Amino acid sequence: MTHLHILRTWHQHGWLRAVDLSLAEYLLDKLGADAEAIAFLAALTSHQLGHGHPCLDLASLASEADALLQLPPENASFESRHQCLTATQALAQLPSDWSQVLPTSIAVNQPNSPLVLSDEKRLYLRRYYHYEQAIKQDLNQRCATQPELEVSQLRKTLDALFGNAEQLSWQRLACAMAVRSGFTIITGGPGTGKTYTVVRLLATLQHHRSGSKPLRIRLAAPTGKAAARMTSSIEGELGNLPEQFQVTLQQTMPNRQAVTLHRLLGSQSHSREFKHNRRNPLLADVVIVDEASMVDIEMMAALTGALAPHTQLILLGDKDQLASVEAGAVLGQLCEQAEQGHYAPELADWLADSHALPQLPEQYCDSNGAARWPYLQHTVMLHESRRFNAEQGIGKLAHEVNTQQTEWLVDWLSDAKRIAAENPDFANIHTLELTHASQKPLRVLVQEGYQPLLEVLQRGPEGAVEQWGEQLLAQLERFQLLAAVRSGDWGVEHLNKLITQWLFGEQVSADKWFVGRPVMVTQNDYSVDLRNGDIGLAVRIGPAEPIRVLFRGANGELRWLLPSRLAHIETAFAMTIHKSQGSEFNHTVVVMPDHDSPILTKELLYTGITRASEHCTLVFKQRELVLRATERRIRRSGGLT
Ligand SMILES: Nc1ncnc2c1ncn2[C@@H]1O[C@H](COP(=O)(O)OP(=O)(O)OP(=O)(O)O)[C@@H](O)[C@H]1O
């Protein structure tokens with residue numbers, strides 16, 4: 001069987017995208033039949049892009065091809081498994097020296113060749129190699145730049161904002177670090193005080209600017225929803241600042257509205273190019289990006305490329321969450337080892353000497369830090385959650401999953417009710433062990449969860465449409481099912497069908513329009529100014545009115561769109577955990593599938609659990625799968641560090 005045949009069979013069975021196969025066909029056509037190994041590896045590199053990896057990791061390909069490539073995929077049918085070779089079997093049919101032919105091919109590492117081999121370890125499609133190189137260059141330049149700030153009185157400001165410096169405060173350290181260079185990452189789990197820190201950082205930057213003009217600070221996030229959350233969290237936190245700094249920020253930053261990255265950079269319809277780029281950089285002294293774990297490599301390259309050399313970039317996010325669905329876990333790669341600090345001794349001394357902090361404990365210092373972990377010298381991880389206690393409820397569950405400690409989980413999964421009854425600290429985390437997704441306990445949970453939303457819907461606007469719209473959107477954030485997978489009995493598609501029937505009866509179809517249908521936008525649609533991931537609700541303002549879909553606009557306003565204007569949407573009673581990133585729900589129900597798969601990882605579970613602000617329910621058929629997911633980590637391919 002030729003490798004082209006293998007690729008075609010994979011494509012026929014939905015294991016490989018058309019674009020991956022086309023690349024192989026194109027290369028074979030250009031290079032001739034002897035280039036089959038190259039064409040095959042190019043198709044795999046393209047396939048990896050579809051799985052979020054900007055490159056093909058050749059060492060892992062040789063040692064664990066099936067897991068790396070997810071071939072067979074998680075939802076492969078019995079028939080397709082019978083017809084298709086696995087990745088390992090396909091690879092075994094390549095000549096044994098396949099890794100040696102790469103550097104000699106004219107398709108690799110030549111001017112404008114489609115493929116780039118880096119360090120003999122990673123194979124890229126050229127465009128993605130360039131994104132990575134551009135990000136590295138831009139960040140390195142920014143790391144070496146000192147912001148124009150007058151920092152002689154810094155200690156006084158930090159004392160006023162964070163209290164005195166006798167104890168180690170990571171938040172204070174983050175603020176001190178951000179005045180030192182043009183690039184800073186502040187990472188931490190939910191409620192660790194990223195917004196708290198950033199508001200104090202804004203005050204510090206404006207207070208210590210060297211000129212008399214206010215700094216031009218822009219706030220952005222990858223999705224409309226995340227931007228709206230950033231705006232409201234910053235507004236909320238502003239009120240907790242000492243008055244003098246509140247006044248500073250009110251005067252110097254009258255517009256504190258966060259926008260989407262697309263809007264910040266100026267997206268243009270029908271083009272990958274943004275209005276702001278190297279030739280036309282953004283007019284900003286500081287750019288702060290929230291939920292940066294969701295920023296993919298292409299967008300990050302566009303962002304860093306659109307910043308003027310003096311513009312300071314600050315990324316906020318939770319490195320332990322899932323990365324973007326698009327290729328490139330940029331934040332995760334830049335600061336994967338941030339727990340340990342790895343600070344160079346000179347940096348630790350600077351922090352102590354600048355009177356910002358007491359000496360850092362030994363465990364966070366690393367004499368090789370500057371050479372081995374350059375971006376960690378610009379990174380601070382906030383360790384302590386102020387919202388969740390790591391020993392209680394959601395905080396405990398998230399912590400145990402994130403640190404892959406299964407001992408407590410085994411106990412909790414087998415008897416969550418007893419644990420909650422014995423200790424009220426665990427009363428907000430629940431388990432539902434079912435043999436079928438359609439079972440009554442899940443139905444009851446869903447009906448109770450959606451009851452308040454349905455009541456507001458049925459009541460109607462009663463003459464106050466805007467107020468009603470606000471209530472509906474608030475209710476939509478109260479309860480949400482998150483599924484780990486799309487297909488199968490426990491996947492998003494089936495759950496949406498079930499929930500539609502449970503709430504609205506057998507005659508209502510989940511993919512048609514009906515009042516009460518929550519929908520998610522699945523692709524950016526500039527014609528209606530909606531972004532991938534935006535969530536809306538189908539409503540009727542009055543009996544004679546048509547159905548409209550209620551969304552929150554990019555500036556926080558309510559929008560009532562006719563369904564005919566929405567091209568890419570799907571029902572969202574249940575959504576994938578991937579799609580839920582950047583959102584938070586009072587009660588989050590995480591649904592595990594009934595079979596194991598490489599996509600079930602601790603990052604997936606952690607992201608699902610940390611979407612919950614008050615209650616989290618874990619629904620599963622087999623405890624064993626929850627434990628296996630906790631033990632599995634996402635592999636991040638890429639050469640950023
Ligand atoms: N040092 C602190 N002292 C007192 N309160 C704090 C401190 N740090 C954070 N908080 C409070 O803890 C809560 C959570 O903080 P914050 O919203 O900044 O966290 P976050 O990391 O931005 O959360 P999320 O991941 O949800 O965006 C807020 O109410 C904030 O005011």
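As the structure is a computational prediction, the values presented were derived from the model and not from experiment.
- A salt bridge does not link Glu336 to Lys319: none of the charged side-chain nitrogens sits closer than 4.0 Å to a carboxylate oxygen.
- For the residue pair Asn140 and Tyr375, a side-chain donor N or O sits within less than 3.5 Å of a side-chain acceptor on the partner.
- Annotation: Trp350 is not in aromatic contact with Tyr343 [ring centroid separation under 6.0 Å not met].
- Under the side chain to side chain donor-acceptor pair (under 3.5 Å) rule, Asp366 has a single partner from Gln340, Arg372, Gln377, His342, which is His342.
- Tyr124 contributes atom OH, which lies 11.0 Å from atom OG1 of Thr45 (distance to the nearest 0.5 angstrom).
- Looking at every heavy atom in both residues, Ala308 comes nearest to Pro281 through N-CB, 3.8 Å.
- Relative orientation of the Trp170 and His383 rings is tilted, given thresholds of 30° and 60° on the angle between their planes.
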task = Go through the steps to decide whether Leu85 and Gln93 satisfy the test side chain to side chain contact (heavy atoms under 4.5 Å, CB included), and finish with yes or no.
result = CA-CA 10 Å; Leu85 295 185; Gln93 297 200 6; 3.6 Å; yes
Using residues 282-292 as the side-chain source, report each donor-acceptor pair under 3.5 Å to any protein atom, sequence neighbours left out, with the distance given to one decimal.
residue : atom : partner : partner atom : Å
Asp285  : OD1  : Arg216  : NH2          : 3.3
Asp285  : OD1  : His310  : NE2          : 2.9
Asp285  : OD2  : Arg216  : N            : 2.7
Asp285  : OD2  : Arg216  : NE           : 3.3

message = Checking Trp373 against Thr641 for the side chain to side chain contact (heavy atoms under 4.5 Å, CB included) test, could you report, in this order, the C-alpha distance in whole Å, the side-chain angles of both residues, the deciding distance, and whether it holds?
response = CA-CA 7 Å; Trp373 308 105; Thr641 51; 5.6 Å; no
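- Between atom OG1 of residue Thr197 and atom CG of residue Leu173 there is a gap of 10.5 Å, rounded to the nearest 0.5 Å.
- Ion pairing of Arg632 with Asp596 is present here, as a side-chain N (NZ or NE/NH1/NH2) and a carboxylate O approach within less than 4.0 Å.
- For the pairing with Asn402, the side-chain contact (heavy atoms from CB on, under 4.5 Å) check across Ile609, Asp320, Thr607, Thr630 returns one residue only, Asp320.
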task = Step by step, work out the salt bridge (Lys or Arg N to Asp or Glu O under 4.0 Å) result for Glu584 and Arg229.
result = CA-CA 9 Å; Glu584 204 176 74; Arg229 262 194 82 201; 3.4 Å; yes
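- Of the N and O atoms on the side chains of Arg122 and Ser637, not one donor lies less than 3.5 Å from an acceptor on the other residue.
- One finds the CG atom of Leu307 at 9.0 Å from the CD atom of Gln141 (value rounded to the nearest 0.5 Å).
- Exactly one of Leu139, Thr184, Asp138 qualifies for a side-chain contact (heavy atoms from CB on, under 4.5 Å) with Leu313. That residue is Leu139.
- Taking CG from Leu27 and CG from Leu115, the interatomic distance works out to 6.0 Å, rounded to the nearest 0.5 Å.
- Counting heavy atoms from C-beta outward, Pro72 and Trp15 have side chains that approach closer than 4.5 Å.
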query = Going through the checks in order, is the side chain to side chain contact (heavy atoms under 4.5 Å, CB included) test met by Gln321 and Asp318?
reply = CA-CA 6 Å; Gln321 274 189 41; Asp318 182 353; 3.6 Å; yes
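- In this structure, Asp57 CG and Leu68 CG are separated by 6.0 Å, a value rounded to the nearest 0.5 Å.
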